[in-house]
Amino acid sequence: MVKFCSFKENWAARDTIEVAQDLLGKLLVRKLDSQNLLVSQIVETEAYLGVEDPACHSFGGRKTPRTQVMFENPGTCYVYFIYGMYHCLNLVTGNGEAVLIRALAPLTGFASDDFKNKSLSGPGKLCRRLAIDKNFNGSNLLSTKEDLFIADPQETEHLLHKDFHAGPRVGIDSAGDAAHWPLRFGLKDSPYLSRPKF
DNA sequence: AGCCCGATGTCCT
DNA sequence: GGACATCGGGCTA
């Protein structure tokens with residue numbers, strides 16, 4: 001069994017790029033029911049830099065029913081619905097900034113198919129597989145009491161050589177200059193990246 | 001009220 | 001590489 005411990009309350013209250021990089025290798029834990037605990041490792045993230053980032057939902061200080069959670073406490077969960085059929089999971093870092101969780105590696109609790117099917121390699125796919133929807137919007141992603149949370153692995157062997165790629169974010173084409181900002185991060189050589197190329 | 005398009009994924013050629 | 005499914009959010013009016 002994978003052991004984990006919780007983060008400090010202010011773990012996410014840091015520079016968003018730093019949090020996005022630091023999330024690589026951390027655990028995402030999903031409790032479906034008392035029998036079913038899915039533990040995965042975060043292998044790919046993207047940083048969204050708030051009101052000054054044209055690709056960010058809160059760009060220009062937009063405060064709407066959708067984006068309001070991006071301005072809540074660091075550690076808050078932001079889930080949005082996209083393309084009429086997918087959800088995407090984010091960790092709020094405050095001030096309208098957030099980190100998108102783009103890909104996971106299965107660790108424990110998963111079906112053997114999940115280890116070959118790439119069912120966690122993409123922001124929409126991982127939410128579908130983990131049954132994440134807007135019910136989690138606004139929840140506390142740093143609390144181990146929740147049914148969905150991020151935690152620190154006790155056995156840090158995967159983290160010792162945490163080399164990662166950085167590259168442009170996916171699906172950001174019409175954001176001008178910001179389309180090229182290297183704000184996508186992925187663990188090097190992970191077979192579970194949403195796309196191997198950076 | 002209406003319009004456009006998107007932080008995606010899948011299937012096709 | 002390109003089409004497209006499918007619908008809520010945000011902007012215009």
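This is a predicted model, so every value here is computed, not measured. Per chain, numbering begins at 1; letters A, B, ... match sequence-line order.
Backbone-only contact: A:Ile172 has heavy atoms under 4.0 Å from sugar-phosphate atoms and none from a base.
Distance alone, capped at 3.5 Å, is enough to place a donor-acceptor pair between the A:Arg62 side chain and the A:His57 backbone. Proximity of a side-chain donor or acceptor of A:Asp53 to a complementary backbone N or O of A:Gly50 within less than 3.5 Å is not detected.
The side-chain contact (heavy atoms from CB on, under 4.5 Å) check on A:Asn73 picks up A:Thr76, with sequence neighbours excluded. When the side-chain contact (heavy atoms from CB on, under 4.5 Å) test is applied to A:Lys188, the partners found at least two apart in sequence or on another chain are A:Asp163, A:His165. With sequence neighbours left out, A:Leu32 forms a side-chain contact (heavy atoms from CB on, under 4.5 Å) with A:Arg30, A:Asn36, A:Leu38, A:Ala131. With sequence neighbours left out, the side-chain contact (heavy atoms from CB on, under 4.5 Å) criterion links A:Gln68 to A:Glu72.
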Legend entry - Dot-bracket notation for DNA chain B, counting Watson-Crick and G-U pairs under 3.5 Å, with | for partners on another strand: ||||||.|||||.
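Shortest non-hydrogen contact noted between A:Thr45 and A:Ala20 is OG1-O, 2.9 Å.
Sorted pairs that involve residues 83-94 of chain A and meet salt bridge (Lys or Arg N to Asp or Glu O under 4.0 Å), not counting sequence neighbours, are lacking altogether. Sorted by first and then second residue, the pairs that involve residues 85-106 of chain A and meet side-chain hydrogen bond (donor to acceptor under 3.5 Å, both in side chains), not counting sequence neighbours, are A:Thr16-A:Thr93, A:Thr16-A:Glu97, A:Glu44-A:Arg102, A:Arg102-A:Ser194.
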Let me have the donor-acceptor pairs involving side chains of residues 141-151 of chain A, under 3.5 Å, with sequence neighbours excluded, atom names and distances please.
| unit_1 | atom_1 | unit_2 | atom_2 | d |
| --- | --- | --- | --- | --- |
| A:Ser143 | OG | A:Lys145 | N | 3.2 |

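Residues from residues 65-79 of chain A placing a heavy atom under 4.0 Å of any atom in DNA chain C, listed by number, are A:Arg66, A:Thr67.
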Dump every N/O contact between nucleotides 2-8 of chain C and the protein below 3.5 Å, one line per pair.
| unit_1 | atom_1 | unit_2 | atom_2 | d |
| --- | --- | --- | --- | --- |
| C:dT6 | O2 | A:Tyr83 | O | 2.6 |

Each nucleotide N or O in nucleotides 11-13 of chain C that has a protein N or O under 3.5 Å away: list the pair and distance.
| unit_1 | atom_1 | unit_2 | atom_2 | d |
| --- | --- | --- | --- | --- |
| C:dC11 | OP1 | A:Arg62 | NH1 | 3.3 |

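We find the CG-CG distance between A:Leu100 and A:Leu89 to be 8.0 Å, quoted to the nearest 0.5 Å.
Residues A:Lys8 and A:Asp152 are not paired through a salt bridge, judged by the lack of any N-O separation under 4.0 Å between the basic side chain and the carboxylate.
No more than 12 heavy atoms of other residues, nucleotides or ligands shown are found within 6.0 angstrom of CD on A:Glu52.
Reading DNA chain B from its 5' end, the first and the last nucleotide to sit under 4.0 Å from a heavy atom of chain A are B:dG6 to B:dT10.
Under the 4.5 Å side-chain contact rule for hydrophobic residues, A:Leu104 and A:Leu91 share a cluster.
With a 6.0 Å cutoff to the six-membered ring centre and a 45° limit on the axis angle, A:Arg129 does not count as a cation-pi contact of A:Phe110.
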